[in-house]
Trainee: 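What follows is a structure written as structure tokens; I'll ask about it next.
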Amino acid sequence: MKAAAFAYARATSVDEALTLLAAHGDRAKVLSGGQSLMPAMNLRLISPELVIDIGGIAELRRITLEGKVLRVGALTRHVDLQRSPEIAAHAPLLAEAIGHVAHPAIRNRGTIGGSLAHADPAAELPACMLALGATMVVRGKRGERRIDAADFFEGIFQTALSAEELLVAIEVPIPQRDSLHFFHEFARRHGDYAIAGLAAQAVIAAGVFQDLRLAFFAVGDRPMLAGAARKLVNAAVTPGLLSEVAASLDQELDPHDDQQASAAMRRHLAKVLLRRCVATLLDRPEFAESAA
Ligand SMILES: Cc1cc2nc3c(=O)[nH]c(=O)nc-3n(C[C@H](O)[C@H](O)[C@H](O)COP(=O)(O)OP(=O)(O)OC[C@H]3O[C@@H](n4cnc5c(N)ncnc54)[C@H](O)[C@@H]3O)c2cc1C
């Protein structure tokens, strides 16, 4: 199938893109890498009247270190994240996760801003944003606002962005020096969207979690920070406590059935991920072996 006819405009600045968005609202769609937008248009799931190509706006394609924050421009491509020494040094969770996003051809064009604005609940990067406590920098004609990642994702393909706003950057607080991360996903094949996944960021001292952020994905209509993680912080982790936390995931997660997996299987996999994560971060392999 081919996309329905549409008009095309290439914005050369953020201001120009915002003027076009203000004039056309939800009849327009922003084009970044096109790796999600174009398939959706070709399948006629969406048919915008106007496509606003922001791909050439150089100021949105930068990674800069600003004090204790890593600022990543929305047009930074997946491959740029993968190759960035700043990301490797200060946000290794992202560097690891990106290798699970699709395949090299898609990573060469797809952007972080496109992935976050698209808000696929099975995507890796939205969950990483939650685990890292990132902030979305959003600009509209009336100015800029900052939205916590935890408030940005509102549902399947839904975010806090209005039709007249652009995601311009992501601010990632640099994790403290002794932070650790964990990333794992179950997928049919490497590069496929996850059936269930977990991105986590932790601080550990003397074998005890001082902080633990567990961001599950593909187990609900949006990525989710597990509140149950709090029970593991400042606590002596035992198999019993871990089982309690695993059980409370049942209340927190809201997975769906589809052709890839049942909701029950996704719940089971989330618990397996939790155990593997805690076992890896605490270097206690026996925790991964307990019954899920
Ligand atoms: C075969 C295949 C496999 C894939 N597998 C995975 C996978 O495993 N994991 C995964 O996470 N992704 C996967 N993807 C999606 C891929 O990562 C996309 O690159 C990404 O989701 C969107 O980035 P993009 O720059 O291409 O965005 P686009 O396709 O250009 O845009 C996506 C959406 O976001 C909006 N948008 C884009 N940029 C902005 C902005 N700055 N501000 C506001 N709105 C904006 C667009 O209007 C559109 O609605 C896959 C894609 C394909 C084709």
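We count residues from 1, following the sequence as given. Just so you know, ligand 1 is whichever comes first in the structure, and atom 1 is the first atom listed for that ligand.
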Trainee: For residues C277 and L198, report the shortest heavy-atom separation together with the two atoms involved.
Mentor: CB-CD2, 3.6 Å

Trainee: Would you call I54 a ligand 1 contact, heavy-atom distance under 4.0 Å?
Mentor: yes

Trainee: Among Q35, R77, M38, whose heavy atom sits nearest atom 26 (O) of ligand 1?
Mentor: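 Ranked by closest heavy atom to atom 26 (O) of ligand 1, first place is Q35.
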
Trainee: Hey, would you say the Y193 and F217 ring centroids sit under 6.0 Å apart?
Mentor: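 No - the distance between ring centres of Y193 and F217 does not fall below the 6.0 Å cut-off.
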
Trainee: Quick one: does R107 get a heavy atom under 4.0 Å from ligand 1?
Mentor: no

Trainee: Give a yes/no on ligand 1: does D192 have at least one heavy atom closer than 4.0 angstrom to it?
Mentor: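 It does; at least one heavy atom falls under 4.0 Å.
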
Trainee: Could you check atom 29 (O) of ligand 1 against the protein and tell me its nearest heavy-atom contact, residue, atom and distance included?
Mentor: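 Minimum-distance protein heavy atom for atom 29 (O) of ligand 1 reads L37 N, 2.7 Å.
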
Trainee: For atom 4 (C) of ligand 1, grab the closest protein heavy atom and report residue, atom and distance to one decimal in Å.
Mentor: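 Nearest protein contact, heavy atoms only, for atom 4 (C) of ligand 1 is A102 CB, 3.4 Å.
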
Trainee: Is R146 salt-bridged to E171, cutoff N-O under 4.0 Å?
Mentor: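 Answer for the salt bridge query: yes.
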
Trainee: Does L166 have a non-hydrogen atom less than 4.0 Å from ligand 1?
Mentor: yes

Trainee: What protein heavy atom sits nearest atom 46 (C) of ligand 1, and how far off is it?
Mentor: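 The closest heavy atom on the protein side is V30 O, 2.9 Å.
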
Trainee: Counting from 1, what ligand 1 atoms have a heavy atom of G114 closer than 4.0 Å?
Mentor: 22 (C), 23 (O), 24 (P), 25 (O), 27 (O), 32 (C), 34 (O), 37 (C), 38 (N)

Trainee: Of S36, A187, A117, which has the heavy atom at the shortest distance from atom 35 (C) of ligand 1?
Mentor: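 Residue with the shortest heavy-atom distance to the ligand atom: A117.
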
Trainee: Would you check whether H78 reaches within less than 4.0 Å of ligand 1, judged by its heavy atoms?
Mentor: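 Yes.
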
Trainee: For H184 versus L273, what's the shortest heavy-atom pair and its separation?
Mentor: CD2-CD2, 3.6 Å

Trainee: Are side-chain N/O atoms of S162 and E164 paired as donor and acceptor at under 3.5 Å?
Mentor: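 No, E164 and S162 have no side-chain donor paired with an acceptor closer than 3.5 Å.
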
